[in-house]
Amino acid sequence: MDIFHIEGPVQLSGSVNINGSKNASLPIMAATILAPGKSTLRAVPYLSDISVCGKLLSQLGCKLTRGQNDELSIDSTVIDNPVGEYEIVRRMRAGICILGPLLARCGRAEVSMPGGCAIGDRPVDIHIRGLRELGAQIHLKNGYIIAEAPNGLKGKDIFLGGPFGSTVLGTANVLMAATLAKGQTIIESAACEPEIADLANCLNKMGAKITGIGSPRLIIKGVKQLQPVEFEVIPDRIEAGTFMIAAAITSSELRLENCRLNDMMAVVDRLRNIGVTVDAENHGCVVTRKCSIKTADITTQPYPGFPTDLQAQFMALLALAEGNSVIIEKIFPDRFMHVAELNRMAANLRKEGPAVIVAGVKKLIAAPVMASDLRASAALVLAGLAAEGTTIVSRVYHIDRGYEKIEERLNPLGAKITRQSI
Ligand code: EPZ
């Protein structure tokens, strides 16, 4: 139950290296189930979600070893217990993406339904629909998804769109299962997120036959077997976006190394739109804000639209803009737990259904605030960097799920954050 004490306002300077992507690492770790043997993944960040995923794979029978730097080896030679326990899956929803690989590898899987989440209702009906289309028999029992395909899976044309557009982990589950299915599968309305493209590239390196990567139509020719792989995951675009907003909210200049601007066009567009400069440089960029923050309207959308995982952080920034902005959350309509906490810091935010009216204020004032989920907690830390006084953020464990020791990366840049264990 750590808490952060954050002194503000501060100005930041220097450079920060962006870590490997959490949301690419998680499905790629699950993909190693498909190929019996030892796979080695690089740039896998040290995050609590990664450790929880590791526990889940160990429980199935995999052997995991952490190597030098951010290397992670997963030996999936033995999968003798194809069960994803509630105790683990409830802590990390992405655990659901072992369902497809287990079904394809073992012909049977039992995975706990993920349960509730602070950012809203997160059903897995589309995952189940897609796997049923591949021929799996699926029923629910005592909170578990029981999936069976004793004679293997069969390729099919599948429309995977849902009420909010594509599903990221739903695409991951069906894509992974289809790699070992008999015949061809077409996934229409597939998620186009860079993390899904990274998963597909990794699967192709394991011997899969996937085309249309990065587009909403994925074509998968099933193969008999896949091979273990050595693969480096892409940089984390959400972490990069969070550091860009750290530079903007503190009117600083920061150099980001190891970030791919191509994966972040919507974010960079909005930042430039409000007066922040983002200059590409080698394998990264320099982010600077010198003028006042202009207003902007943001609507979150599936990739390549504005990512919902940067909505809270951008709201903290627009809280200091000169005028009113509107933020519409189209992916998780209830993803606004941070609104009340930012208002405790003297922001002026008003919720109207899936939208928030952000009336810009001259300054934020420090206060004790409570983190509720991963990205909301990042927004509170960013607000604390700009606020006058000492902000106390509790339930920091939320931020450790997606940011590796964030205080040890911000303090060398000029932040004053202390972590206190209570
Ligand atoms: C992934 O979650 C990310 N998680 C989330 O990041 C991210 O917010 C989300 O995609 C959207 O970009 C990981 O990659 C581990 P979805 P996922 O299925 O796949 C609805 C973070 O902060 N839906 O694309 O679970 C769903 O309710 C996390 O790192 C159904 O209705 O999200 C939502 O409204 C938080 N039925 C929408 O689709 C389904 O079966 C998009 O969800 C599946 C989804």
Side-chain angles (χ1 to χ4, degrees), residues 19-31 45 47-50 52-53 56 89 91-100 111 113-133 138 140 145 158-176 189-199 216 233-234 236-242 263-264 266-267 300-313 329-335 337-338 354 371-379 398-403:
N19 280 342
S21 163
K22 166 181 84 78
N23 290 350
S25 299
L26 294 171
I28 288 174
M29 287 170 72
L47 302 169
S48 54
D49 272 12
I50 299 288
V52 172
C53 187
L56 190 59
V89 178
R91 290 169 54 200
M92 194 231 8
R93 299 179 52 77
I96 190 75
C97 63
I98 64 172
L99 183 61
V111 179
M113 292 279 279
C117 171
I119 69 177
D121 191 10
R122 298 180 69 183
V124 292
D125 56 317
I126 306 173
H127 299 231
I128 293 172
R129 174 165 43 97
L131 294 173
R132 278 195 174 125
E133 295 269 3
I138 299 185
L140 303 184
I145 301 164
I158 302 169
F159 176 76
L160 215 56
F164 302 93
S166 57
T167 160
V168 176
L169 292 178
T171 301
N173 251 328
V174 177
L175 171 63
M176 289 189 275
S189 188
C192 305
E193 271 65 7
E195 295 77 23
I196 292 296
D198 208 32
L199 169 66
V233 302
I234 54 174
D236 195 312
R237 64 191 168 104
I238 305 298
E239 180 178 273
T242 304
D263 292 348
M264 310 176 67
V267 181
T300 65
Q301 292 164 315
Y303 189 88
F306 190 93
T308 173
D309 294 345
L310 283 171
Q311 176 256 97
Q313 299 93 316
E329 176 52 65
K330 279 260 173 101
I331 308 285
F332 298 108
D334 304 323
R335 191 178 199 170
M337 297 289 279
H338 42 284
S372 54
D373 61 82
L374 166 55
R375 308 304 173 182
S377 50
H398 283 295
I399 207 165
D400 293 336
R401 298 188 55 177
Y403 300 88

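Each ligand, and each atom within it, is numbered from 1 in the order the structure gives. Please read these numbers as outputs of a predicted model, since none were measured by experiment.
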Once you restrict to heavy atoms under 4.0 Å, what part of I238 touches ligand 1? Side chain, backbone, both or neither.
neither
Out of all atoms in ligand 1, which are within 4.0 Å of some heavy atom of T308? Include the element for each.
8 (O), 11 (C), 12 (O)
Please verify whether a non-hydrogen atom of R335 lies at under 4.0 Å from ligand 1.
yes
Atom pair CD1 (I126) and CD (E133), whose distance is rounded to the nearest 0.5 Å
12.0 Å
Which value, rounded to the nearest 0.5 Å, describes the distance between D121 atom CG and F164 atom CZ?
8.0 Å
Proximal ligand 1 atoms for A94, defined as those under 4.0 Å from one of its heavy atoms
15 (C)
At under 4.0 Å between heavy atoms, what of P123 touches ligand 1? The answer is both
Hey, are the side chains of R375 and T308 touching, using non-hydrogen atoms and a 4.5 Å cut-off?
no
Who's the nearest protein heavy-atom neighbour of atom 27 (O) of ligand 1, and how far?
D121 O, 3.2 Å
Donor-acceptor pair, distance only, cut-off 3.5 Å: does the side chain of S372 make one with the backbone of M337?
no
In the protein, which heavy atom is nearest to atom 37 (C) of ligand 1, and how far is it?
F164 CB, 3.9 Å
How far is atom 22 (O) of ligand 1 from its nearest protein heavy atom, and which residue and atom is that?
R375 NE, 2.8 Å
Answer yes or no for R93: is there a heavy-atom contact with ligand 1 below 4.0 Å?
no
Among all protein heavy atoms, pick the one closest to atom 19 (O) of ligand 1 and tell me residue, atom and distance.
L169 N, 2.8 Å
Test item: Q311 side-chain N/O and R335 main-chain N/O as donor-acceptor pair under 3.5 Å
yes
Proximity to ligand 1 by part of F332, non-hydrogen separation under 4.0 Å
side chain
So which heavy atom in the protein is nearest atom 41 (C) of ligand 1, and how far is it from that ligand atom?
I331 CG2, 3.7 Å
Is there a donor-acceptor pair under 3.5 Å between the side chain of R129 and the backbone N or O of F159?
yes
Check whether any side-chain heavy atom of P194 sits under 4.5 Å from a side-chain heavy atom of R237, and report yes or no.
yes
among protein heavy atoms, the one nearest atom 1 (C) of ligand 1 is V168 CB, 3.9 Å
Report the part of K22 (side chain from C-beta onward, or backbone N, CA, C, O) that has a heavy atom under 4.0 Å from ligand 1; answer both or neither where that applies.
side chain
What pairs with D400 under salt bridge (Lys or Arg N to Asp or Glu O under 4.0 Å), at least two apart in sequence or on another chain?
R419
Tell me which part of L374 gets within contact of ligand 1: side chain, backbone, both or neither, using heavy atoms under 4.0 Å.
side chain
Is there a donor-acceptor contact under 3.5 Å from the side chain of D309 to the main chain of I238?
no
Do I119 and L374 touch side chain to side chain, with heavy atoms closer than 4.5 Å?
no
Which pairs count as salt bridge (charged side-chain N to carboxylate O under 4.0 Å, His left out) when at least one residue sits in residues 20-29, sequence neighbours excluded?
K22-D49
The closest protein heavy-atom partner of atom 8 (O) of ligand 1 is D309 OD1, 2.6 Å
For V111, run the side chain to side chain contact (heavy atoms under 4.5 Å, CB included) check against N173, V124, I98 and tell me which one passes.
I98
Under a 3.5 Å distance rule, please check whether D236 uses its side chain to pair with a backbone N or O of N19 as donor and acceptor.
no
When you compare ligand 1 with R122, is there at least one nitrogen or oxygen pair between them that comes in under 3.5 angstrom?
yes
Using a 4.0 Å heavy-atom threshold (strictly under), name the region of T167 that reaches ligand 1: side chain, backbone, both or neither.
both
Pick one of side chain, backbone, both or neither for how I126 approaches ligand 1, counting any non-hydrogen atom pair under 4.0 Å.
both
If you count the atoms of ligand 1 from 1 in the order shown, which ones are under 4.0 Å from a heavy atom of V124?
39 (C), 40 (O)
Among protein heavy atoms, which lies nearest atom 3 (C) of ligand 1, and at what distance?
N23 ND2, 3.8 Å
